[in-house]
Amino acid sequence: MSIVFVIIGAVLVLWGADRLTDGATALAVKLNIPQIVIGLTVVAFGTSMPEFFVSLTSAIKGTSDMALGNIVGSNIFNTLMIVGVSALVAPMVISRNTVRKDMLFAMIASLMLLLMCLDNELSRIDAALLFVVFILFMVYTLRMAKDKTEEEETPIKQMNGWLAAGLVILGLACLVIGSNVFVDGATKIAKSLGVSDAVIGLTIVACGTSLPELATSVVAAKKGRAAIAIGNVIGSNVLNILMILGITGMIIPMDLQGITWIDMAVMMGGMMLLWGFSYTKFKIERWEGGVLAVIFIAYMCWLVFNAVR
């Protein structure tokens, strides 16, 4: 049954990502909003729901280290694996505005978290500051929607506004439900094989909650919607740190337990590497995507090695 759940979860996530991408791009055209804004807001909010629920539940139960670990791990997965696989599927052309403003904001959010954790604690004041910056980010993003400077991508099929909104909601629901079913099934399989809880948490939970982002970005890249794909990753990274840690940290302060400085360095370094690749030609080539994916695989191997030894 666990294997069946994994298959059902994967199918729901992939199908939901397809519906979400179609609905979000059609909605962007209908409302005359740049696709990058839809990716940074509607899509990013929806695909970050698994991380939000896991972190919020962890904070309420008092396991704040899991909440922080989930966010750091998810951001690393987003930046390295999701962008890497998406670029391998189809090279991603990125607008100058996204590289010079949105990615810079994501790096600032990562740097803020890094500096706040220097004392090995994320206090309520730290969390409140993160949430305030999140509000500022949302205000900036919505204002950016008024200045449609985004480069046009491939033509988008016209769709009724209500139908597009319905597809977005349906897609998000399938992503959240599918990712939960996938994680539950995969966790049971891992436990039946004798894999430790530590390894399960470091791999299945962190990667599983990022399945919606992976499916959405890969499908979007394949359809030529690079703005949705990269906007989803950047938006999710910003939301994970500023909104999710902001809310969970205000509920309960977090200790830097189980999270090493190597983990934080990989999160920050991955974002800087992504920005560097994007800034050169405002495009992420297939080989650059391959480099990002290989770094993630090497990092995961290091995590598993240290967890089981």
Side-chain angles (χ1 to χ4, degrees), residues 44 48 50-82 102-138 197-199 201-203 205-207 209-210 213 233-276 292 295-296 298-300 302-307:
S48 290
E51 287 93 338
F52 178 71
F53 288 128
V54 169
S55 295
L56 184 60
T57 302
S58 299
I60 293 173
K61 290 182 178 179
T63 54
S64 58
D65 53 334
M66 180 179 289
L68 185 58
N70 178 43
I71 295 305
V72 173
S74 294
N75 277 22
I76 291 172
F77 185 86
N78 290 350
T79 304
L80 298 177
M81 192 63 173
I82 294 179
D102 301 319
M103 283 190 182
L104 187 61
F105 207 105
M107 283 195 290
I108 291 173
S110 299
L111 182 60
M112 283 181 64
L113 178 59
L114 185 66
L115 294 175
M116 287 178 176
C117 290
L118 286 176
D119 58 354
N120 292 321
E121 181 186 16
L122 188 70
S123 66
R124 283 191 173 92
I125 295 177
D126 293 335
L129 180 58
L130 289 175
F131 194 73
V132 169
V133 177
F134 163 71
I135 299 299
L136 295 176
F137 170 73
M138 291 308 300
D197 289 338
V199 175
L202 288 167
T203 55
V205 175
C207 298
T209 55
S210 292
E213 285 95 334
V233 169
I234 297 170
S236 293
N237 280 8
V238 172
L239 262 61
N240 285 349
I241 294 175
L242 301 182
M243 185 190 77
I244 296 177
L245 285 184
I247 293 175
T248 54
M250 286 189 287
I251 294 174
I252 181 171
M254 302 181 192
D255 294 323
L256 199 66
Q257 298 177 0
I259 305 299
T260 67
W261 290 109
I262 292 179
D263 300 319
M264 301 294 282
V266 171
M267 180 186 71
M268 188 70 203
M271 197 65 232
M272 293 177 66
L273 185 60
L274 173 60
W275 179 82
L292 293 173
I295 291 174
F296 175 78
Y299 168 70
M300 289 302 293
W302 178 84
L303 276 181
V304 173
F305 173 76
N306 282 276

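None of the values given here were measured: they were computed from a predicted structure.
When all heavy atoms of V238 and A106 are compared, the pair lying nearest together is CG2-CA, 3.8 Å. Across I82 and V233, no two heavy atoms sit closer than the pair CG2-CG2, 3.6 Å. In plain terms, the two heavy atoms of N78 and S236 that are nearest each other are ND2-CB, 3.8 Å. The two residues L130 and I241 come nearest to each other via the heavy atoms CD1-O, 3.7 Å. Nearest approach of V72 to M264, heavy atoms of both residues: CG2-SD, 3.9 Å. Closest approach of L80 and L292 over heavy atoms only: O-CB, 3.3 Å.
For the atom pair CG (L239) and CG (L242), the distance works out to 7.5 Å, reported to the nearest 0.5 Å. Here the CG-CD1 distance, from L303 to I76, works out to 7.5 Å after rounding to the nearest 0.5 Å. One finds the CE atom of M254 at 14.5 Å from the CG atom of N120 (value rounded to the nearest 0.5 Å). Distance check, rounded to the nearest 0.5 Å: OH of Y299 to CG of D263 gives 3.5 Å.
For I262, the side chain to side chain contact (heavy atoms under 4.5 Å, CB included) partners two or more places apart in sequence, or in a different chain, are T260, V266, W302. Every residue meeting the side chain to side chain contact (heavy atoms under 4.5 Å, CB included) condition with L111, not counting sequence neighbours, appears here in chain and number order: L114, L115, M268. A search for ring-ring contact (aromatic ring centres under 6.0 Å, His included) contacts involving F105 returns F137, not counting sequence neighbours. Shown here are the ring-ring contact (aromatic ring centres under 6.0 Å, His included) partners of W275, two or more places apart in sequence or in another chain: Y279. Residues satisfying the side chain to side chain contact (heavy atoms under 4.5 Å, CB included) test with M250, not counting sequence neighbours, are A127, A128, F131.
No side-chain donor from either of N237 and S110 sits under 3.5 Å from a side-chain acceptor of the other.
Distance alone, capped at 3.5 Å, is enough to place a donor-acceptor pair between the R124 side chain and the I251 backbone.
Side-chain contact between M103 and I234 is present, with heavy atoms from C-beta onward closer than 4.5 Å. In this structure, the side chains of L113 and N75 stay at 4.5 Å or more apart for every pair of heavy atoms.
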| message | If you apply the rule side-chain contact (heavy atoms from CB on, under 4.5 Å), what do you find for I71 with T248, and how did you get there? | response | CA-CA 11 Å; I71 295 305; T248 54; over 6 Å; no

